[in-house]
J.: 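Let me begin by handing over the structure; questions about it come next.
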Amino acid sequence: MKQFLSFIKKEFYHVFRDTKSLLLLFGLPIAQIVLFGFALTNEIKNTSIAIYDQAHDPASRSISEQFAQSPQFNLVKNIRNQDEIEAVFKAGEAKLVVVFPPNFEQDIQHENKAEVQLIADASDPNTANTLTVYASNIIMDYQKELMLTTTIPISIQTDMRFLYNPELKGAPNFVPGVMALILTLISVLMTSVSIVREKENGTMEILLVSPFNPLMVIISKAVPYLVLSLANVTMILLLSVFLLEMPINGSIVLLYAESTLLILTALSLGLLISNITNSQQVAMIVSLMGMLLPTLLFSGFMFPIENMPLPLQLISNLVPAKWYYIIIKDIMIKGVGFMSIWKETLILTSMTAFLLTMSLKKFNIRLAK
Amino acid sequence: MYDVELNHITKTYENGAVQAVKDVSFGVKKGELFGLIGPDGAGKTSIFRMLTTLLIPDSGTASVNGFDVVEDFREIRKRVGYMPGKFSLYQDLTVEENLEFFATVFNTSIEENYDLIKDIYVQIEPFKKRRAGKLSGGMKQKLALSCALIHRPTVLFLDEPTTGVDAVSRKEFWEMLRRLKEQGITILVSTPYMDEAALCERIALIQNGSILSINTPQEIINSYPKPLYAIKAHKMSALLHALRDSNLVDSAFSFGEWHHITLQDSVTAEQLKVSLQAEFPTVQMEAIEPGIEDCFIQQSLAQHEVEL
Amino acid sequence: MAIVRIAPAVNGYFAAGILPAKEVAMSNYVIEAENLTKRFGDFTAVNEISFHVEKGEIFGFLGANGAGKTTAMRMLCGLSIPSSGKATIAGFDVYKQTESIKQNIGYMSQKFSLYEDLTVLENITFFGGIYGLSRKEIAVKADQLLHELGLFDHENTLVGSLPLGWKQKLAFSVAIFHEPSIVFLDEPTGGVDPVTRRQFWDLIYKASDAGITVFVTTHYMDEAEYCNRISMMVDGEIKALDTPENLKKQFNARSMDDVFFELARGAKRSGD
């Protein structure tokens, strides 16, 4: 046990003395969170919008006027037919289109209720969300104005449609994404590189020729990176709660337990890579190509998997980060318990078991077979 | 009786394409300072790695402290100290941290065996807060030796400990080995430098994976088959060519300031001198005792002839 | 200018001999250093060293780890600008004409010399090309070189699979392939077997006979014995400079090892 602790202590020395890597490890998540955070809180000004007014009556004109005068919006186009809506978005001329139905004022006056449709380009979901809120406010203001002149309750409803990203993915979704990315990065890359470094430096030779169980070398390597990864999780969560004001709806304990599971998966993979490579460069390239890239592509965090061709969708199933991403999103956003995510957890667990078995099989207690 | 023993050990790499060690057998007695002397690529490191259980021999058996290097590798790993050829400590850890780490890995503490490493460690102790990567070659070597000794090994394997180290540090290093030997530790050391052979009790000359001879340095010198002469003149490279062309001379090799030569049977030194006098009026010649390097050259050429 | 060939005529030996230093005219300096100094902040790595090396001389540059050998050699190779002092290499100034210096020197170290994953011929062609030799020149000289080293059947062998001794000989031949005025050798024969080492030194002597100055840094004294003259650096200064024979007499020592030990024992500095 004393050996083990001493080994871990040594490993922490390595980590803390390599200031550049350490800076990268903690700087990267901070930078990502802050960047995304800025995108979220970015104030909206002078956003180009278009109006498709099928009514051309005083009410619709009055609301259009409000939009034109609003500092948030910049009315760039009046659309004349349905097809033009799509064209405006495709050309990037407007981020939002306000659609008034025919007989808008008549609806208000005779039926006491009318509907305005807001169509937003949701490829940037944060912006789309904010835009529709602003636009709804303008319509609500008009409604309030009407209410002052009449006793009949009038309601103008807004029907929102999001183009390109109907589920409005984004806002809270990137935090689990960043977590998956960072955990993978630290656990796979750092572990494999740090073990291979011992081979390269020749220290592995000395360690092998010691009573210290070679497997313990590997396990004690894993511990610091587990701790480091969990520290990173904590930091990301703190940033997202306090900086981005994003609540964690589910159980924190479950969140950490699932994170630990992904870290173990990644550590096993890192170990496997370190077993089959002999230089730090190769280990790094294999880790980046074999783990980081698939994580970016296939976790569902950057690119929606549903939109991918079927073969790629199938490949994405092999990426541990995909399952982790689903799990964490469910816990953080939907606030679900273990019963809703046991399937994904089981998949992740089997992956870990498989990788660990593989790497232990490949592990060499000598310099060569 | 032997602390380290090899019987017909063979090791190949790349599926037999490279024969690193060919049918090597020798034994190292308890408490002996044994030198494996040979150039780079002779197979020294392969032998060390097999003895330290890092590699498995293709054929043959070997034991350390009576334990088989393949079957009982765990027992051996508990008992031996090993200093690989390359400086193999953690460069980003301090002197003290390195030593403490290796002490714990070997289930001991610095205090427990301090008396063994004291002579060596006191020399680097003033720098104990310095990172190992920032030490000079000589100090690194002392630290590596301290780390290899910290668990009081019964057998110490030192693979080319003096490569890349300057002459002063080398001298000090051999002095340290002599003192360790007095403590009863069996030491197996390898070096490509022939002049270090004389500092060992017994040596094995090794070339191309085969042992040329095993004996005490003095016996190896005594077994040199012919009288050896040192010869010099003003024009040394011309002299060397003249010697090689002369039918009186058996072998001629440059040794810096002098050339070392042996003569054909029944040729006397005087005869050769006379034959050179005209071209090299300043020629000087004297009989000398061969060094290990002379023996190595003679034996490796003899082996070469056998192989041809 | 002397025409350098890997195998100069046998009478080349008679012309130059082992101590060309005494036979060559005094003006014939290929390396001239006058109070050459290199400081890094407060630390003076090389402290006012002065020495001359003559054409065709084999000059041993010795010193303990950290004595300043590497720093001094970098200045002489045009890789590092001195803090003060003067030096010319093959007539070129170490401050202003570093590019010309690089064109006129060869370099070989035990650690890096050839690409292991290229064949013998590819290495020769590559290094010949670097120094601006024409394809035709390279082809002719490569042919000659391969014959000389007995590597003719191995021109398509990967350098990595050659025995160490052959590698060393090939590396040296490649280093002087472009007929430099000076070739710098960094511990050229450490670890090489005694027979191959002598073959290697035969090549060095031939190059020297053909007029190439050979500058050898090493901390192995047995290597030093082969040099015409030796300088010993201690703590950034040259503490002794003479023939091996005279140095041994001067220090009343049996071997160069003892001479070095006498000189370096008092060294204050140590480090790489």
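In what follows, every chain begins at residue 1, and chains take the letters A, B, ... in the order their sequences are listed. Reckoned from all heavy atoms, side chains included, excluding hydrogens, waters and symmetry mates.
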J.: Whether A:Lys10 engages the ring of A:Phe7 as a cation-pi pair (distance to the six-membered ring centre under 6.0 angstrom, angle to the ring normal within 45°) should be assessed.
T.: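 Yes, a cation-pi geometry holds between A:Lys10 and A:Phe7.
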
J.: When heavy-atom pairs shorter than 4.5 Å are enumerated against chain A, which of B:Gln91, B:Arg131, B:Glu75 gives the highest number?
T.: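 The residue among B:Gln91, B:Arg131, B:Glu75 with the greatest pair count is B:Arg131.
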
J.: Using a 4.5 angstrom heavy-atom cutoff, name the option from A:Gln3, A:Met204, A:Lys9 with the most pairs to chain B.
T.: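 If we count pairs closer than 4.5 Å to chain B, A:Gln3 comes out on top.
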
J.: Name the option with the most non-hydrogen atom pairs under 4.5 Å to chain A; the candidates are B:Glu100, B:Glu97, B:Arg79, B:Arg77.
T.: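 Answer, by heavy-atom pair count under 4.5 Å with chain A: B:Arg77.
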
J.: Quick one: is the NZ or CZ of A:Arg17 closer than 6.0 Å to the six-membered ring centre of B:Tyr90, and within 45° of its axis?
T.: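 Judged by the rule, A:Arg17 and B:Tyr90 form no cation-pi pair.
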
J.: Using heavy-atom distances under 4.5 Å, tell me whether B:Lys86 contacts chain A through its side chain, its backbone, both, or neither.
T.: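 For B:Lys86, the side chain is the part near chain A, not the backbone.
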
J.: Report which part of B:Arg49 has an atom under 4.5 Å of a heavy atom belonging to chain A: side chain, backbone, both, or neither.
T.: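 The side chain, not the backbone.
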
J.: So which of A:Leu183, A:Ile263, A:Leu25, A:Val233 actually passes side-chain contact (heavy atoms from CB on, under 4.5 Å) with A:Leu228?
T.: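 Single pass found, and it is A:Leu25.
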
J.: When you check the gap from the basic side-chain N to the acidic O, do B:Asp115 and B:Arg152 get nearer than 4.0 Å?
T.: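 Salt bridge: yes.
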
J.: So, B:Glu175 and B:Arg178, do they make that salt bridge, N to O below 4.0 Å?
T.: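 Looking at B:Arg178 together with B:Glu175, the answer is yes, because their closest N to O distance falls below 4.0 Å.
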
J.: What donor-acceptor contacts under 3.5 angstrom involve side-chain atoms of residues 211-226 of chain A, with partners at least two apart or in another chain?
T.:
from	atom 1	to	atom 2	distance (Å)
A:Asn213	OD1	A:Leu215	N	3.0
A:Ser220	OG	A:Met216	O	2.4
A:Ser220	OG	A:Val217	O	3.2
A:Lys221	NZ	A:Glu11	OE1	3.3
A:Lys221	NZ	A:Glu11	OE2	2.7
A:Lys221	NZ	A:Ser194	O	3.3
A:Lys221	NZ	A:Ser194	OG	3.4
A:Lys221	NZ	A:Glu198	OE2	3.0

J.: Below 4.5 Å, heavy-atom pairs only: which of B:Pro84, B:Ala148, B:Ser88 has the largest tally toward chain A?
T.: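 Going by pairs under 4.5 Å, I would pick B:Ser88.
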
J.: Can you tell which part of A:Leu5 gets under 4.5 Å to a heavy atom of chain B, answering side chain, backbone, both or neither?
T.: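 Nothing of A:Leu5, per the 4.5 Å heavy-atom cut-off to chain B.
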
J.: Taking atom OH of B:Tyr114 as the centre, does the number of heavy atoms from other residues, nucleotides or ligands within less than 6.0 Å exceed 12?
T.: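 More than 12 within 6.0 Å, yes.
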
J.: Pick one of side chain, backbone, both or neither for B:Phe102, based on which atoms fall under 4.5 Å of a heavy atom in chain A.
T.: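 The side chain, not the backbone.
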
J.: With chain A, which of B:Val80, B:Leu55, B:Leu54 has the greatest number of heavy-atom pairs at distances under 4.5 Å?
T.: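 The answer is B:Leu54.
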
